[in-house]
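Have a look at the structure below before the remarks.
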Amino acid sequence: MTSVGFIGLGNMGTPMACNLVAAGLQVTGHDVAEGARTVAAAKGVDIADSAVAAAANRDVVITMLPDGAALLEVYRTIMADVRAGTVLMDCSTVDIASARKAHDMAAERNLPSVDAPVSGGIAGAEAGTLTFMVGGDPQACEAVRPLLDIMGRTIVLCGGPGCGQAVKICNNMILGISMIGVCEALTLARELELEPERVFDVVSTSSGSCWSMNDYCPLPGVGPESPADHDYRPGFAAALMLKDLGLSQQAAASVDVATPMGAMAASVYETMVASGMGHLDFSAVIRHVRSLTRE
Ligand code: NAD
């Protein structure tokens, strides 16, 4: 039986770990937060009292952490105790430099490693339908494939070390920009006294169609069910969108690429989060867009 150490049992990590448990894998988890450990234990995940205990003697160690700093801190903590042959797989969303550093730390110990950030949110983590964007040595990617197939539906091998994170950052920059575009159009449509359902019917089948409109419409009662129908309970929190837009700006600066719309989207989410809406779903940016109109 494949044994898995799972470090970071938060909103995403716990349901992902639970799906591995349900598939019959032996999963030992750890989180610094007692509350997270308690929730995961109640859902059937064996809990180790340290990251080292979770990572030692496993076939695969998965990390699902807030950011690159937490990832590198965990890798520094566990690295000496990970046994030879263990594959390290980081599923967190982190900056490309930290992802590459994590690969380098693994390589120094001759451990195979992959970066495999996800898209699909908490619902996708629970349903086992995540999209994984995988970067690393092809053999290491193939080694973790059975686990990815349990936790996800779409697995894309994106390239070498850090390429999974790079694709994820590009995707979320498009998402952040497109959601603001949809919110601006719907706000304009409202002021033009158009019926939102008719705007949806046209845009979702026309050249303005995109996931932010078609699948995740930011207006309650319009289009398929989305966080807008639940008072913008996430979903994908605006604070996380701001984090990802910050990562894309950092990546753009590192290769001297101009991304003016990405920069603007980052600043819109920054203002929204600063106004106390960071805990709401990122589609609640429509409230922020409307508040700009009223000023
Ligand atoms: P979360 O904050 O709910 O979970 C992160 C967990 O890591 C927390 O429980 C925290 O206590 C734990 N942690 C932090 N430092 C640690 C350490 N040193 N050792 C052990 N545990 C530690 O966040 P989440 O929503 O589960 O997201 C996790 C990652 O997935 C993030 O990088 C996020 O950007 C990414 N992501 C989230 C979503 C989403 O919809 N929530 C979607 C796609 C990707």
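Counting starts at 1 for both ligands and their atoms, in listed order.
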My question is simple, although I want it checked carefully: is atom 7 (O) of ligand 1 less than 4.0 angstrom from any protein heavy atom? yes

Would you say that L88 contacts Y75 through its side chain, given a criterion of any heavy-atom pair below 4.5 Å between the two side chains?
yes

the protein heavy atom lying closest to atom 4 (O) of ligand 1 turns out to be G10 CA, 3.3 Å

Just so I know, are the side chains of M277 and Y232 near enough to count as touching, which here means a heavy-atom distance under 4.5 Å? no

Looking at V32, I122, D67, V94, the heavy atom closest to atom 21 (N) of ligand 1 belongs to V32

In short, F282 meets Y216 closest at the heavy-atom pair CE2-CE2, 3.3 Å

If you compare M12, E73, R76, M241 by their heavy atoms, the one closest to atom 26 (O) of ligand 1 turns out to be M12

Point to revise | Main-chain N/O of P66 paired to K243 side chain as donor or acceptor, under 3.5 Å | key: yes

shortest atom 9 (O) of ligand 1-to-protein heavy-atom contact is with D31 OD2, 2.6 Å

Contact check: N11 vs ligand 1, nitrogen or oxygen atoms, below 3.5 angstrom:
yes

In ligand 1, the atoms that come under 4.0 Å of a heavy atom of I7 are 20 (C)

Can I get a per-line list of side-chain donor-acceptor pairs under 3.5 Å for residues 119-139, giving both atom names and the distance, sequence neighbours left out?
residue	atom	partner	partner atom	Å
D137	OD2	Q139	N	3.2
D137	OD2	A140	N	3.2

Whether D229 side chain and S226 backbone form a donor-acceptor pair below 3.5 Å:
yes

One finds that the ligand 1 atoms under 4.0 Å from a non-hydrogen atom of V118 are 43 (C), 44 (C)

With heavy atoms and a 4.0 Å threshold, my read on which part of L240 contacts ligand 1 is side chain

The closest protein heavy-atom partner of atom 28 (C) of ligand 1 is L65 O, 3.9 Å

In short, A228 meets P220 closest at the heavy-atom pair O-CB, 3.4 Å

Review point. For S119, is at least one N or O under 3.5 Å away from an N or O on ligand 1?
Key: no

Less than 3.5 Å between some nitrogen or oxygen of A36 and one of ligand 1, yes or no? no

Per-atom filter on ligand 1: closer than 4.0 angstrom to a heavy atom of G235 are 40 (O)

Note: ligand 1 atoms sitting under 4.0 Å from heavy atoms of K243 are 31 (C), 32 (O), 33 (C), 34 (O)

Q | Pair T28-D46, side-chain donor/acceptor within less than 3.5 Å | A | no

S92 versus ligand 1: do any nitrogen or oxygen atoms come within less than 3.5 Å of each other? no

for atom 30 (O) of ligand 1, nearest protein heavy atom and its distance come out as M64 CE, 3.1 Å

Counting from 1 in the order shown, the ligand 1 atoms closer than 4.0 Å to a non-hydrogen atom of V74 are 17 (C), 18 (N), 19 (N)

The residue among V144, L20, I150, D59 that forms side-chain contact (heavy atoms from CB on, under 4.5 Å) with T2 is D59

Does the T77 side chain pair with the main chain of E73, one donor and one acceptor, at a distance under 3.5 Å? yes

Numbered in order shown, the ligand 1 atoms found under 4.0 Å of a heavy atom of K168 are 43 (C), 44 (C)

Side-chain donor/acceptor pairs under 3.5 Å, residues 177-189, sequence neighbours excluded:
residue	atom	partner	partner atom	Å
S178	OG	I174	O	3.2
S178	OG	L175	O	3.2
S178	OG	S212	OG	2.9
T187	OG1	C183	O	2.7

Tightest non-hydrogen contact, residues V87 and A143, listed as CG2-CB, 4.2 Å

Heavy atom of P66, distance to ligand 1 below 4.0 Å
yes

A student checking ligand 1 against T93 at a 4.0 Å heavy-atom cut-off should list atoms 32 (O), 34 (O), 35 (C), 44 (C)

